[in-house]
J.: 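Dropping a structure here in C-alpha cells format, bear with me for questions.
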Amino acid sequence: MSDVMIRVPAEVRDQLAAVAEARGTSLRALMQEIAAQTLTPEQVQERAERTRTLLAERFGHFVTDEESAEMRRKMREATAAHRTKLAETEPPR
C-alpha cells in the first residue's frame with residue numbers, strides 16, 4: 001500500500017478527524033471509505049445507463065434525455081437546499 005499526502009486547510013483536517021473519531025475509525029480508513037464511495041464521471045454514466053436499461057427491461061419505461069436532465073436538476077436543487085439547511089442549523093465554530 002502506498003501513502004499519499006494531501007494538503008488541506010486545518011479546519012478541513014479537523015473536520016475529517018472529528019468524523020473519523022465519531023465513527024470509531026481512523027482518518028486513513030475514513031479517507032478510503034470516501035474514495036470508495038466517490039464515483040468518477042465515467043462510473044456515474046455507467047450507473048445511469050444500467051439504471052435506464054433496468055427500467056426499460058423490467059418496467060417498460062424508457063427514460064428520455066429530457067427526463068434525465070430534469071431529474072439531475074431536481075437533485076441539484078434538493079442537495080443545495082439540504083446544504084443550506086445544514087449550514088443554518090450548524091452551531092458557530
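Note that this is a predicted model, so its numbers are computed, not measured.
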J.: About how many Å separate OG1 of Thr25 and CD of Glu33, when rounded to the nearest 0.5 Å?
T.: 7.5 Å

J.: Say whether Leu55 and Met71 are linked into one hydrophobic cluster, either directly or through other cluster members, by side-chain heavy-atom distances under 4.5 angstrom.
T.: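 Unlinked, Leu55 and Met71 end up in two clusters.
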
J.: Answer yes when Glu77 and Lys74 have at least one side-chain N-carboxylate O distance shorter than 4.0 Å, and no when they do not.
T.: no

J.: With a 4.5 Å cut-off on side-chain heavy-atom distances among I, L, V, M, F, W and Y, is there a chain of contacts connecting Ile34 to Val19?
T.: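 Yes; Val19 is reachable from Ile34 via cluster members.
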
J.: Between Met75 and Val44, is there a shared hydrophobic cluster once you connect ILVMFWY residues whose side-chain heavy atoms come closer than 4.5 Å?
T.: no

J.: Flag the pair Arg50 / Glu46 as yes when at least one side-chain heavy-atom distance between them is below 4.5 Å, and no otherwise.
T.: yes

J.: To the nearest 0.5 angstrom, please state how far the CD atom of Glu21 sits from the CZ atom of Arg23.
T.: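 It comes to 13.0 Å.
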
J.: Could you give me the CA-CA distance, side-chain angles and deciding distance for Gln15 and Glu11, then say whether side chain to side chain donor-acceptor pair (under 3.5 Å) is met?
T.: CA-CA 6 Å; Gln15 173 71 16; Glu11 57 270 8; over 6 Å; no

J.: Just verifying a value: how many Å separate Glu57 CD and Arg52 CZ, rounded to the nearest 0.5 Å?
T.: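 Glu57 atom CD to Arg52 atom CZ measures 14.0 Å (nearest 0.5 Å).
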
J.: When hydrophobic residues are tied together by side-chain contacts of less than 4.5 Å, even through go-betweens, does Leu27 share a cluster with Val8?
T.: yes

J.: For Arg73, does the CZ atom sit with more than 12 other heavy atoms under 6.0 Å from it, leaving out its own atoms?
T.: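 Above 12, so yes.
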
J.: Quick one: OG1 on Thr38 to CD on Gln43, what's the gap to the nearest 0.5 Å?
T.: 9.5 Å

